[in-house]
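Down below is the structure, laid out as structure tokens.
Order of the sequence lines sets the chain letters (A, B, ...), proteins ahead of strands, with each chain counted from 1.
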Amino acid sequence: MKEYKLKYLDEPIYYEKLDNGLQVYIIPKYDNKNYDISLTVKYGSCDTNYFIGKEEICDPLGTAHYLEHQLFNMEDEKSFSKFSSYGTMANAGTSYFQTRYYIQGSKAFKENFNYFLKMLFTPFFTDESVNKERGIIEEEIKMNDDDIYWIIDNKVRNNIFNTHPIRNKIAGEVDTIKDITKDTLYRAYNYFYIPKNMILTINGNVDKDVIMDTLRNNKLLNIKNHKIVRKEIKENPLTHSEYGELYENVTSPKLTYAFKIDKSNIKIKDKRLVNMYLSILFYLVFDEISLFKEEVYQNKYCSRYDENCMFIDNYCIFSINADSTYADLFKDTVDKYLSNIHVTEEELNRIKKIDIANEIRNSENVNRIARDIQNSFVLYDKIYLDNIKMFKKLNIKELNEIIKNISFDNNTFVLMLPKNSR
Amino acid sequence: MEYKSKNFNIYGYQIKKFKTIGIRVVFTTNVNKRDFILSDFLLALLTYTNNNYHTNREYTMALQDLYDLYLSSNSMRRGNKLVSTLELNMIDPKYTNKKTMKDSIKMLKETIFNPYVYDNHFDTDSFNIVKDQFKSFIESLSDNPQNVVNETAVSSYKDSNIGITYTICKQYLEEIDEYKLYEYYQEFLNNREIAIYICGDYNDELIDLLSKFPLKSKKIDYLDNKLIDKKQEPVYLYKDYNQAKLALLTKIENETEFEKKYVSTILNSILGGLQDSLLMESIREENSLVYYIDSMFYKYDQALMIYAGCSSTNTDFVLKKIDDCIKDLSSGNFNDDKLSAAITDVLVVLEDYERSPYLILDYIVSRNVLHTDSMADRIKNYKKVTKEDVMALAKKIKTMKLVLLRDNNERI
């Protein structure tokens, strides 16, 4: 196994790529009593269209999420009961580009690990089990359809993107999941759940030798890899719609102002570095120590707000969400700050100091390190462990170059108003 | 380890494994509606600006300059007690420097004792900003339909402490101005039991700095907790939602001390806490009627709430199934594995409480403020809980209040 020694981390991180292509990262923390095991598959709700040979497959919306639910239903027993008997917590989550399965326990590591692998690599779907799960997922969809944050987020994604499958809800719709059968799930599973399309992270009080003995030559992992060919997504840089208005069960108005920023004019080739700069840029302009924050609060343009940065293919989607009864004034203030961005070297250096402090804090939370590894795999197809080195490289010249080469012209503004105000 | 300062105590938990040091200044008193909301608001304002940093921007930058010092606040009801906390988390000085440590403690001290006040009132701008944020937060609670039904259930018991919620108490927020809040601040500092808790690789110098805080702990005579009393009529709400929500509030009568401290947690786990709890198995897995169904135990209020979201047409069946699960508990109609899983579930958390400074602080605060048992005793006593204990306690569960939110089309 390879070893990576990180500053502030007590133990090295161990890494090995198995013969079958599965990447394994082990982050020991011997002064903890518990452990976490996580398997991330690079397969999410956006992966509905792909090719098996020359045939284009078009899975119903919600397939990846449905598959995640089904994997917990094993042939001869319920996996939750088995994990419970060890006091082990098990769960999973599907997002747009990944599905993550994880367990957390403190006893019987080998038994839990073997069972976790068995659950994930011996899929068992029947018409009965698939039909039974449908009712549960329908209720999940309805629950989300009543959540005002999901509602506004859904509208924003639909406005921002023209053709990208991120426009669709992760769990699908009640109508679309009716078309999911056991064959749909087996096909998707066999296509995407291959070792080279996954990453395994294990952290906590663990013995790396026990882990690798369990993995190497494990018959369950004797899976042949193949090339995964996803349908190419041609997304227009322009937004689909610049405005949206919703009337929902809210007590006061809410808004989201989102920007679709095309990164293709940015000359820096390192995607990760570009994303880091963009995240920092929006933090400086809009977050805790920004003049924007002072202005909107002093003038009561909103009572609360937050912002978010997401990276999808060659786009950065920056969105700012607020509780505001002065939507126009809030929007105008955002526009004002975006049209006149000015970041100083002092501000950038302050962020670097904070990031280094965060690295120290994160070293206590090895789960966070594992999560970064998983996200890095999904976003960049590569693992980066050198965040501190990266922070130190950041400079004002590059940041200013980036600012010159991005545009905020493609945007959408979505307003959510109380139903009784219609 | 206990350190006695002139007018208050400091409780330390020396542990070398973390790279941060956590400190909590905890203020405790009897809970009531006014204090519940004003304590929270006051502490939020104290951590927004202070007399050295007149804007939140300046205040935040000062925290960032101290290697991103975390300073936060919260105020929570625990039975009859209101526990208000100012919390600091700093990078261990061995990774920064001594000056940063001293400045961090100074920042905490200034936050408590040197607020942005002039002419006998808090700064009006800061006051209004934090008040608006708080009001917005309280309003947003009503945007979540499950929250609405849960809150409707508990707040219907106006005379009991379980009924103290943000929505019920918001009138006190509306009435307060920056002058009255300053009076409240002075009252707050002089009428609370106060102690400081610290966790990490701290030294005597740090203890010495904290001991010089001009805090004055006052002995408080705590009133008995006001529990829910009579059963009430169900409440039916109607709104355009895709999914119905229900909340069933129950009371657990005549609990013994052992039941209150230990059996009830295990019962709650078996009923609704485990991933394969009775409710999940019966209602979700066997009948596919819900995505979530949980039970929430109000430890200090001898109450248990069961809540779920399901289709409007299935609410009666779900309620019947909930009733069946409670009957199964009282008749012992559940697998022994569930009991051992529930106990293991609790022990796994307790046995690893040293994995985070926050968990350790939670533990030492609860030992002192809520008089919980030591970790060793807790572990020992949870292992003693038997199936018969759970059955006996389940027989004491009495349904008190149902709140059901359904689609407008279901309105009779």
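A cation-pi geometry, defined here as NZ or CZ lying under 6.0 Å from the six-membered ring centre and within 45° of its normal, does not hold between Arg361(A) and Tyr67(B).
Heavy atoms closer than 4.5 Å to chain A are found in the backbone of Leu289(B), but not in its side chain. Heavy-atom distances place the side chain of Leu274(B), and not its backbone, under 4.5 Å from chain A.
Residues Asn242(B) and Asp146(A) have side chains that bring a donor and an acceptor to within less than 3.5 angstrom of each other. Side-chain N/O atoms of Lys142(A) and Ser311(B) include a donor and acceptor closer than 3.5 Å.
Gln243(B) has its side chain within reach of Glu139(A): a pair of non-hydrogen atoms, C-beta onward, lies under 4.5 Å apart. Asp125(B) is listed as a side-chain neighbour of Gln298(A), based on a closest heavy-atom distance under 4.5 Å. Within the 4.5 Å cutoff, the side chain of Glu138(A) has no heavy atoms near those of the Ser288(B) side chain.
A salt bridge links Asp143(B) with Lys254(A): the distance from a Lys NZ or Arg NE/NH1/NH2 to an Asp or Glu carboxylate oxygen falls below 4.0 Å.
Listed by sequence position, Asn73(A), Phe80(A), Ser81(A) are the residues of residues 73-81 of chain A in contact with chain B, using a 4.5 angstrom heavy-atom cutoff.
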**Item:** Test log, rule salt bridge (charged side-chain N to carboxylate O under 4.0 Å, His left out), inputs Lys107(A) and Glu351(B)
**Value:** CA-CA 11 Å; Lys107(A) 294 177 190 316; Glu351(B) 283 163 355; 3.7 Å; yes
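Atom OG1 of residue Thr251(A) and atom CD1 of residue Ile138(B) lie 11.0 Å apart, to the nearest 0.5 angstrom.
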